[in-house]
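Have a look at the structure below, then the notes.
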Number of protein chains: 2
Amino acid sequence: MAENAADDGATSEGRPARPDLAAMIVPLGRALMAAEQPVLDAHGLTMWAYTVLLHLEETPIRTQAALAGAIRADKTRIIAVLDDLEARGLIHRQPDPEDRRARLLSLTTEGRRLRDAAQSAIQQGEERLLARLPAADRSGFLRSLETLSALPELAPGKPERTTGRKGPH
Amino acid sequence: MAENAADDGATSEGRPARPDLAAMIVPLGRALMAAEQPVLDAHGLTMWAYTVLLHLEETPIRTQAALAGAIRADKTRIIAVLDDLEARGLIHRQPDPEDRRARLLSLTTEGRRLRDAAQSAIQQGEERLLARLPAADRSGFLRSLETLSALPELAPGKPERTTGRKGPH
DNA sequence: GCAGATCGTAAGCGCATGCCTATGAATTCT
DNA sequence: AGAATTCATAGGCATGCGCTTACGATCTGC
């Protein structure tokens with residue numbers, strides 16, 4: 001295993017020993033989203049709505065702007081989503097007594113129930129994929145994902161100035 | 001290892017032991033793409049162009065339609081990309097002598113050089129990310145990615161009927 | 001040789017999205 | 001009190017994309 005880079009990365013600058021991370025991960029994400037779609041449809045949720053439900057539970061969110069930032073959505077774009085979720089009794093949107101400009105967002109019991117049901121079904125489908133991995137790699141894979149997801153340089157940062165999407169990935 | 005799901009998935013249907021795969025992978029892919037962008041800019045390549053260069057080398061592609069399918073692009077959309085790449089001497093686009101409707105696509109030496117340079121730079125950046133993973137997990141992570149990428153159910157399949165993008169991820 | 005299918009190309013439609021601006025309500029600073 | 005800021009909301013603009021249609025050139029089957 002000289003500079004031929006057997007399982008080493010492309011550190012040696014030659015032709016790559018592996019595909020680009022993005023070239024593997026982005027399509028993977030695409031496929032996962034595609035797999036989610038039917039489940040979400042079955043639960044009457046859009047991807048945005050599901051994302052909102054997920055993030056409302058995970059961290060205490062106070063302002064809609066904060067929520068929008070957290071899920072990388074436009075502040076003005078989640079309004080309709082929230083309107084819908086509220087109308088269906090899945091979330092509460094009460095004016096903050098401390099700062100009546102803001103609307104306090106929280107899940108209703110019904111919302112939590114739906115979120116749990118959808119997420120459970122989704123993760124069940126994902127497990128079918130993970131089952132394809134050698135058991136030895138599986139937990140490491142998940143651990144690695146969680147590690148990378150927590151990295152600061154992966155944080156939303158700041159979309160510096162792009163209109164709409166960019167590339168194929 | 002009861003139903004409490006320590007490192008097990010959400011098979012037991014309760015609150016999830018981990019975030020959704022998509023919720024971790026999609027942002028990761030987004031971040032990777034964002035990290036690629038400056039490198040591509042520096043090499044004078046768009047994401048589409050880079051993707052084309054990558055796929056032209058990897059598998060012998062004969063028709064533009066096949067290429068478009070392989071990179072999940074619209075047949076009509078890569079034309080401009082190919083025009084540009086050809087004009088810059090990075091690819092050849094000769095009419096197939098066997099079927100003069102088709103254009104044979106191939107990388108020029110210059111194209112291969114640029115592709116190698118860009119990919120090398122990109123993977124170098126990716127290595128910095130991978131370095132954050134415990135060495136024990138790293139190779140397994142990459143192996144898992146390659147495994148999952150090769151899965152048939154992750155293959156482009158067929159975008160069944162979506163207009164533009166869909167969700168937040 | 002003619003009909004139908006295929007390839008590359010061009011042009012247009014519709015859609016989802018991000019960004020910007022404006023408006024009104026409420027808060028904070030001076 | 002008045003000015004500046006923040007929040008939620010609404011509307012409009014521009015972009016990137018997928019899909020469809022159309023067209024000419026070409027290949028294939030009859």
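As a basis for the values below, the full set of heavy atoms in this structure was taken, side chains included, without hydrogen atoms, waters or symmetry mates. Chain identifiers are assigned alphabetically (A, B, ...) following the order of the sequence lines, protein sequences preceding nucleic acid strands; residue numbering begins at 1 within each chain.
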All N/O donor-acceptor pairs, side-chain side in residues 100-107 of chain A, below 3.5 Å, sequence neighbours left out:
{"residue": "Arg101(A)", "atom": "NE", "partner": "Asp99(A)", "partner atom": "OD1", "Å": "2.9"}
{"residue": "Arg101(A)", "atom": "NE", "partner": "Asp99(A)", "partner atom": "OD2", "Å": "3.3"}
{"residue": "Arg101(A)", "atom": "NH2", "partner": "Asp99(A)", "partner atom": "OD2", "Å": "2.7"}

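Listed in residue order, the members of residues 82-94 of chain B having a heavy atom less than 4.0 Å from DNA chain C are Arg93(B).
Applying the salt bridge (Lys or Arg N to Asp or Glu O under 4.0 Å) criterion to Asp83(B), with sequence neighbours excluded, gives Arg93(B). Here Thr108(A) pairs with nothing under the side-chain hydrogen bond (donor to acceptor under 3.5 Å, both in side chains) rule; sequence neighbours left out. For Asp137(A), the side chain to side chain contact (heavy atoms under 4.5 Å, CB included) test picks out Pro134(A), Arg143(B), Ser144(B), with sequence neighbours left out. Shown here are the salt bridge (Lys or Arg N to Asp or Glu O under 4.0 Å) partners of Asp74(A), two or more places apart in sequence or in another chain: there are none. The salt bridge (Lys or Arg N to Asp or Glu O under 4.0 Å) search around Glu146(B) returns none, not counting sequence neighbours. For Arg112(A), the salt bridge (Lys or Arg N to Asp or Glu O under 4.0 Å) partners at least two apart in sequence or on another chain are Glu57(A).
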Exercise. Which nucleotides of nucleotides 21-30 of chain D have their base under 4.0 Å from a protein heavy atom (B), which only their sugar-phosphate (S), and which neither (-), written as one string 5' to 3'?
Worked result: ----BBS---
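Rounding to whole angstrom units, CG of residue Asp74(A) and C1' of dT21(C) are separated by 13 Å. Following rounding to the nearest Å, Leu104(A) (CG) and dT6(D) (P) show an atom-to-atom distance of 19 Å. Between the CG atom of Leu105(A) and the C1' atom of dC7(D) there is a distance of 12 Å, rounded to whole Å. The distance from atom CD1 of Ile79(B) to atom P of dA10(C) is 6 Å, rounded to the nearest whole Å. One atom, CE of Met47(B), and another, C1' of dG16(D), lie 13 Å apart when rounded to the nearest Å. Ile78(B) places its CD1 atom 15 Å from the C1' atom of dC19(D), with the value rounded to the nearest Å. A straight line from CZ of Arg103(B) to C1' of dT6(C) spans 13 Å, rounded to a whole angstrom.
For Thr63(B), whose side chain is taken as the heavy atoms from C-beta onward, the closest listed nucleotide among dC7(C), dC19(C), dG18(D) is dC7(C). Side-chain atoms of Gln64(A) lie closest to dT9(D) of the nucleotides dT9(D), dG8(C), dC7(D).
The existence of a salt bridge linking Glu127(A) and Arg18(B) is confirmed by a sub-4.0 Å separation between a basic side-chain nitrogen and an acidic carboxylate oxygen.
For residues 97-124 of chain A, there are no ring pair (Phe, Tyr, Trp, His ring centres under 6.0 Å) pairs, not counting sequence neighbours. Every pair passing ring pair (Phe, Tyr, Trp, His ring centres under 6.0 Å) that includes a residue from residues 116-152 of chain A is listed here, sequence neighbours excluded: Phe141(A)-Phe141(B).
Counted within 6.0 Å of CD on Glu98(A), heavy atoms from surrounding residues, nucleotides or ligands total 12 or fewer; the atom is thus considered open.
With the end axes of the helix from dG1(C)-dC30(D) to dT30(C)-dA1(D) each set by five pairs, the angle from one to the other reads 20° at 10° resolution.
Between Trp48(B) and dG16(D) there is no side-chain N or O to OP1 or OP2 distance below 4.0 Å.
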